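The figures here come from the full heavy-atom set of this structure, side chains too, leaving out hydrogens, waters and symmetry mates. Bear in mind the structure is a predicted one, so any value in this text is a computation, not a measurement.
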Amino acid sequence: MTDPAALTDKQWETLRAVHREPTATQEEIAATLDVTRATVSKRVNEIEGFDWTNRRAFVKRLFDEEPGDGPRIRNRSTREDQIHELESRISSLEERIGDGPARNDTAEWDPDLAHKIIHACLDAEYLSKEDELALLRRIL
């Protein structure tokens, strides 16, 4: 069995995600952690004794108490670990937000789609003039 003390913070983060969603694919785990599938693969492949096909049993042994095994490894996740993980996620989200286009950037609108939306608004009897103007301001 893997020595829990030998695992890196990133490996713990990945294993916690696998433990929460044991049937998830590497792609789904990657999306949860906001990393690439290759990153997830690299992290778990560097863990001695880890085999993706037997991941459920591996994380169960690592996180859940088995008879006679003593305290749960799950308690290793200290408040500092949780704060570090949240800070990492926030950083990643801030980078993604900073890289994306502004919400009202008209360059991202497809002209045909904008035309259809505007036409639908002007033909819709249930939209008030104020609703139409608000929607047009957001599009244009």
Quick one: are [X] and [Y] in side-chain contact, heavy atoms under 4.5 Å?
| X | Y | value |
| --- | --- | --- |
| N45 | W52 | no |
| L7 | F50 | no |
| V18 | V40 | no |
| K60 | F63 | no |
| V35 | I29 | no |
| R56 | T23 | yes |

Worksheet entry | salt bridge (Lys or Arg N to Asp or Glu O under 4.0 Å) against D34, all qualifying residues, sequence neighbours excluded |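 So D34 forms a salt bridge (Lys or Arg N to Asp or Glu O under 4.0 Å) with R96.
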Return the [atom1] to [atom2] distance between [X] and [Y], rounded to the nearest 0.5 Å.
| X | Y | atom1 | atom2 | answer |
| --- | --- | --- | --- | --- |
| T14 | R55 | OG1 | CZ | 13.5 Å |
| W12 | I47 | CH2 | CD1 | 9.0 Å |
| T32 | R20 | OG1 | CZ | 7.5 Å |
| E28 | L33 | CD | CG | 12.0 Å |

Worksheet item: Do R43 and Q11 meet the criterion of a side-chain donor-acceptor pair at a distance under 3.5 Å?
Response: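 Not at all, the side chains of R43 and Q11 share no donor-acceptor pair under 3.5 Å.
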Fill in: Flag, side chain of S41 to backbone of R37, donor-acceptor distance under 3.5 Å
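Side chain of S41 to backbone of R37: no pair is present.
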